[in-house]
Structures are given as structure tokens and as C-alpha cells.
Protein chains: 2
Amino acid sequence: MQNQVIEDYLKAIYKIQTTSGKVATTALARRLKISPASVTQMVKKLSDMNLVTYTRYQGVELTESGMKIALEVLRHHRLIELFLAEALGVPWDKVHEEAEKWEHVLSEDMEDRIDALLGHPTRDPHGAPIPNRNGEMVETSRLLLADQKAGQTVEIVQVHDHDSELLRYLGGMGLYPNVELQILEVAPFEGPLTIKVADKEYTLGRKAAEQIFVRLL
Amino acid sequence: MQNQVIEDYLKAIYKIQTTSGKVATTALARRLKISPASVTQMVKKLSDMNLVTYTRYQGVELTESGMKIALEVLRHHRLIELFLAEALGVPWDKVHEEAEKWEHVLSEDMEDRIDALLGHPTRDPHGAPIPNRNGEMVETSRLLLADQKAGQTVEIVQVHDHDSELLRYLGGMGLYPNVELQILEVAPFEGPLTIKVADKEYTLGRKAAEQIFVRLL
DNA sequence: CTCAATTTTTAGGCATGCCTAAAATTCAAT
DNA sequence: ATTGAATTTTAGGCATGCCTAAAAATTGAG
Ligand SMILES: [Mn+2]
Ligand SMILES: [Mn+2]
Ligand SMILES: [Mn+2]
Ligand SMILES: [Mn+2]
């Protein structure tokens with residue numbers, strides 16, 4: 001499967017594109033941990049395959065078929081994460097790494113079976129939306145926990161899923177999607193937040209609070 | 001993972017080695033659907049890696065570490081087959097193809113979880129033995145159904161798992177591992193067998209009967 | 001034992017996807 | 001508008017794993 005390489009490029013382009021618009025060579029290189037020169041070369045090939053539009057020095061953008069593949073892989077990734085968590089009891093800080101490999105080998109038939117077994121879920125273990133078979137996805141409106149004010153009660157919607165250590169740290173406090181918490185105090189000068197979860201109080205560093213998305217209750 | 005290529009070579013060598021001793025370049029090439037010239041080249045690399053012993057024109061043999069990897073992959077393959085069948089309800093004629101891809105991406109942690117979930121199984125859906133974590137495997141003594149005489153009652157131990165069509169055919173008659181059947185008649189001149197399974201009679205072609213292993217009851 | 005058929009290896013190539021170093025282009029500060 | 005810094009591309013290479021055609025070694029039939 002050299003498919004894997006293409007799929008990882010498209011997924012990375014998708015992620016950057018949906019968070020910051022145009023996708024520069026360097027940004028892609030940093031995300032994929034590949035030299036910019038190699039990215040340029042590969043991006044030309046993707047362009048030849050009509051998976052991205054590419055203008056020299058201007059960055060890339062997914063075409064419709066590129067987007068379709070990206071969402072397909074994303075669906076695989078998130079379904080697998082949930083499947084691993086639910087069916088095999090894999091802790092939420094380990095599912096990402098495993099799904100990163102499985103996503104490329106899962107057949108459509110297995111995708112459907114997993115989807116059905118899980119009851120056609122719409123969110124992965126980190127709260128990220130799972131695209132449906134048509135590539136449609138419900139992005140819930142969400143706010144950064146770090147931007148909220150003291151006194152508010154919020155519900156966790158999603159957390160960043162790349163940092164295993166962070167996930168273990170959050171898990172230790174019971175900070176999972178759909179969990180409710182109160183913001184007791186927000187220290188000034190970008191200081192930590194004091195929060196209350198399930199009747200326990202914790203101090204949460206700014207860095208951590210910036211990885212957590214919430215909605216107001 | 002170009003690991004995949006090496007793992008597939010070692011698995012193929014293992015299969016040939018355990019059924020017919022020495023492993024010739026051509027046999028390996030045929031099984032892997034790769035030209036003999038390419039096999040020679042790759043086999044040299046495997047030899048450099050100490051995964052096989054290789055003497056020009058004489059074929060290859062797995063070293064201890066080559067054997068270890070082969071059995072590891074085989075364990076993955078068979079555990080996955082059973083997992084797919086049990087956990088996802090995948091029909092037994094489809095599990096092989098899927099496992100062929102998954103076997104190369106499964107982490108040791110997932111292997112252990114699947115193994116535990118299935119209750120440390122010793123047989124895959126086709127009756128093939130699953131090597132344990134140490135690469136040990138219980139090969140049951142088995143006879144070819146095609147070689148048996150009329151009048152005998154036998155139990156299916158294992159069936160060949162490569163031919164999807166055959167598996168569907170056998171499944172239609174309920175011919176799975178651990179199923180008991182009576183041999184009513186064996187037509188002469190390599191003719192078909194008449195068998196009785198779960199009170200129904202079937203005529204089974206020689207070709208099919210040669211793909212089925214049984215033990216006498 | 002010989003030699004033609006078969007098997008296996010060698011030689012030379014190709015595609016993929018990565019790299020570093022150097023050149024080209026763009027950006028941004030004056 | 002200039003120019004130096006940063007970004008991006010080009011050029012030239014390398015490893016992996018496959019191929020075909022040709023050469024070498026083995027085998028086995030007579
Ligand atoms: Mn991936
Ligand atoms: Mn996730
Ligand atoms: Mn395989
Ligand atoms: Mn099997």
C-alpha cells in the first residue's frame with residue numbers, strides 16, 4: 001500500500017486546510033515530518049492525480065476527489081478509534097496511534113460492520129465528529145476552555161487527540177467529552193484555571209486548557 | 001511498513017518449508033506472484049538480515065529469528081481471522097483476505113487484547129492452529145477426507161482457507177471445523193464422496209474433499 | 001556421461017518516496 | 001524601491017522492491 005502515503009498527505013492537507021485555509025509546503029512538511037523539498041515533489045504528483053490544486057509557491061488545496069478521500073480516511077480513523085476503545089477497551093490515549101495504521105487497511109465492508117456494531121456513532125473517543133458514508137460531518141460549535149470566564153459551567157465537547165501524555169493527564173481528572181465542569185477561578189496573566197469536576201477541584205494549566213473545547217451550559 | 005514485504009516472504013517460506021521441506025526460488029515466486037529474479041534478490045537481503053539461510057541454487061530455509069517472525073505474523077493472521085468472524089460477524093470466506101492486510105499493522109498490545117477477548121483461542125475459523133505468544137503451536141494429527149473409506153464417521157479438523165468460493169460451498173453444507181459427518185459412499189476411480197451432515201446427504205467432489213482435513217471418530 | 005530443458009542468478013532498468021544542497025522566488029522591513 | 005530573510009523549488013542522490021532479458025548452473029533422460 002503506497003496508498004498510505006497519499007492518504008496521509010490528503011489527511012494532513014485536510015486538517016491544515018480546515019483550520020487555517022491555504023496549505024503551505026512548510027506547514028505540510030512540519031506536520032508530516034518530511035522535508036519541504038520532498039513535500040513539493042509529492043504535491044506535484046498529487047496535483048497530477050487531480051487530488052489537489054497546486055500553484056508553485058502558492059500552496060495546495062484539496063480538489064473534490066481529494067476531499068472525498070481525506071474524509072474517507074478520517075472516517076476510518078475515527079471509527080477505528082471508537083471501535084478500539086469500545087470493543088477492545090483500549091485507553092483513549094492509545095487509540096490514535098493504532099488507528100493511524102489501521103485506517104489504511106480497513107475495507108469498506110469492515111467499515112460498515114464496525115459502524116453498525118457501534119450504532120452509527122457520530123463522535124470518536126476524543127469528541128471529534130465522524131464523517132458519515134457520504135463524507136458529511138456535524139461540526140458542533142465549540143469554544144476553547146482557556147477562553148472562558150470564572151463562574152461558568154461548561155460541557156467538554158472535544159479534546160485534542162495527538163498528545164498521549166495530555167490525554168492520560170485529563171483522563172486522570174475524568175475530563176472526557178460530555179463531562180460537565182465548573183470554572184471556579186481563572187488566574188490573570190494567562191494563568192491556570194481552577195475547575196470542579198464531579199465534586200473535585202483541580203488546577204489546570206493554560207496549555208492544557210487550550211487543548212480542550214467546550215460548550216456553555 | 002515495508003516490513004509488510006519481508007513478513008510476507010517469511011510467511012510464504014514458512015508455509016512451503018513446513019509442507020515440503022526445502023524452499024526453491026520458483027516455489028516462492030509462484031506463491032508470492034513475483035518473478036523468480038526478484039525473489040532471488042530479496043532472498044539475498046533476507047539472508048543478509050539473518051532471517052534465512054541461503055545457498056545459491058539451493059533454496060532457502062528460515063533461521064531461528066526468521067521463524068520467530070513468521071510465527072508471529074501467522075499468529076496475528078489467525079487471531080485476526082477469528083476476531084473478525086466472532087466480533088464483527090464476517091463470514092469465514094472473507095476473513096482471510098482482510099487478515100492478510102491487518103496482520104502487518106497489529107501492535108503487540110492489540111494482539112494481547114484480541115487474544116484475551118477471544119479467550120486465548122487455539123484455532124482460527126478454518127481450524128488452523130494459532131501459535132501462542134512463544135510461537136508454539138499444537139498441530140493436530142489430521143487426515144485427508146479424500147483418503148477415507150466409506151462407512152466411517154469423522155470430524156472436520158481443518159479446511160484450506162485460500163479459496164473463497166470453496167469456503168462458501170462448504171459453508172452452505174454446514175461443513176465447518178468440529179462438525180461431524182458420515183462417509184456413506186466413495187465412488188471408485190477418484191470419484192466423488194457421498195456424505196451425511198446433520199441428517200442431510202450431499203455429494204462432494206474429489207477436489208473439494210482434498211481440501212478438507214478430518215480425524216476419525 | 002552428455003546435453004537439452006529447466007531452474008536460478010546476474011545485469012540493467014524503473015517507480016516510489018525520501019534526503020541534502022543550492023537556486024529561485026516571495027515577503028517584509030526600511 | 002531595495003534588500004536580506006524566509007519560503008519554496010530544483011537538482012542530484014539513495015534505498016526499496018519490483019521487472020525483463022540474458023547468462024550460468026543444475027537436473028534428468030537417454
Ligand atoms: Mn496514517
Ligand atoms: Mn480522535
Ligand atoms: Mn500479508
Ligand atoms: Mn485461516
Side-chain angles (χ1 to χ4, degrees), chain A residues 1-17 19-62 66 69-70 73 100-101 103-105, chain B residues 1-17 19-62 66 69-70 73 100-101 103-105:
Chain A
M1 297 245 168
Q2 33 292 59
N3 241 20
Q4 204 214 321
V5 173
I6 292 174
E7 287 175 3
D8 280 339
Y9 268 87
L10 295 177
K11 206 171 54 145
I13 294 169
Y14 173 86
K15 289 257 177 90
I16 298 171
Q17 186 173 298
T19 58
S20 28
K22 261 295 167 61
V23 181
T25 304
T26 330
L28 203 43
R30 193 168 33 239
R31 182 171 209 109
L32 293 170
K33 291 175 181 165
I34 281 171
S35 76
S38 300
V39 169
T40 297
Q41 226 182 290
M42 190 64 193
V43 138
K44 280 188 208 158
K45 282 180 201 160
L46 295 177
S47 175
D48 289 345
M49 297 181 202
N50 278 305
L51 298 174
V52 303
T53 56
Y54 166 62
T55 343
R56 280 167 75 234
Y57 294 100
Q58 299 298 115
V60 292
E61 199 174 357
L62 292 174
I69 295 175
V73 181
E100 201 60 43
K101 300 180 300 176
E103 62 187 5
H104 306 291
V105 302
Chain B
M1 296 242 173
Q2 23 290 70
N3 240 22
Q4 205 213 321
V5 173
I6 292 174
E7 288 175 2
D8 280 339
Y9 267 88
L10 295 177
K11 207 172 51 147
I13 293 169
Y14 173 86
K15 289 255 176 93
I16 298 171
Q17 186 173 299
T19 60
S20 28
K22 260 297 167 60
V23 182
T25 304
T26 330
L28 203 42
R30 194 169 33 240
R31 181 169 209 111
L32 293 170
K33 292 175 180 166
I34 282 170
S35 76
S38 301
V39 168
T40 297
Q41 226 181 281
M42 190 63 193
V43 139
K44 280 187 206 159
K45 282 180 200 160
L46 295 177
S47 175
D48 288 346
M49 296 180 203
N50 279 305
L51 298 174
V52 303
T53 55
Y54 166 61
T55 342
R56 280 166 77 236
Y57 295 99
Q58 299 297 116
V60 293
E61 199 175 355
L62 292 173
I69 295 175
V73 180
E100 201 60 43
K101 300 181 300 176
E103 63 188 5
H104 306 290
V105 302

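Just so you know, these numbers use all the heavy atoms, side chains as well, and skip hydrogens, waters and symmetry mates.
Taking atom CD1 of B:I6 as the reference point, atom C1' of D:dT16 lies 10 Å away to the nearest angstrom. One interatomic measurement links the two molecules: CG of A:D8 to C1' of C:dG17, which rounds to 13 Å at whole-angstrom precision. The distance between atom CD of A:Q58 and atom C1' of C:dT26, rounded to the nearest whole Å, is 9 Å. Taking atom OH of residue A:Y54 and atom P of nucleotide C:dT25, one finds them 12 Å apart after rounding to whole Å. Regarding A:R30, its CZ atom lies at a distance of 14 Å from the P atom of D:dA6, rounded to whole Å.
The 5' end of DNA chain C is approached more closely, in terms of each residue's nearest nucleotide, by B:A27 than by the other of B:A27 and A:M49.
When the salt bridge (charged side-chain N to carboxylate O under 4.0 Å, His left out) test is applied to A:E100, the partners found at least two apart in sequence or on another chain are A:K11. Residues satisfying the side chain to side chain contact (heavy atoms under 4.5 Å, CB included) test with A:K44, not counting sequence neighbours, are A:T40, A:Y54.
Phosphate proximity of D:dT9 to A:T25: present, with a side-chain N or O under 4.0 Å from OP1 or OP2. Between B:K44 and C:dT10, a side-chain N or O to OP1/OP2 separation shorter than 4.0 Å is present.
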If you look only at distance, which donor and acceptor atoms sit under 3.5 Å apart when one is on a side chain in residues 29-37 of chain A and the other is two or more places apart or in another chain?
from  : atom 1 : to    : atom 2 : distance (Å)
A:S35 : OG     : A:S38 : N      : 3.2
A:S35 : OG     : A:S38 : OG     : 2.9

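Two residues are said to be in side-chain contact when any heavy atoms from C-beta on lie closer than 4.5 Å; A:Y9 and A:V39 meet this criterion. The side-chain heavy atoms of B:L51 and B:L62, taken from C-beta on, include no pair separated by under 4.5 Å.
Shown here for A:G66 and A:L10, the closest heavy-atom pair between the two residues is O-CD1, 4.1 Å.
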If the sugar-phosphate is the primed atoms plus P, OP1 and OP2 and the base is the rest, what is the B/S/- string for nucleotides 18-24 of chain D, using protein heavy atoms under 4.0 Å?
BBBB--B

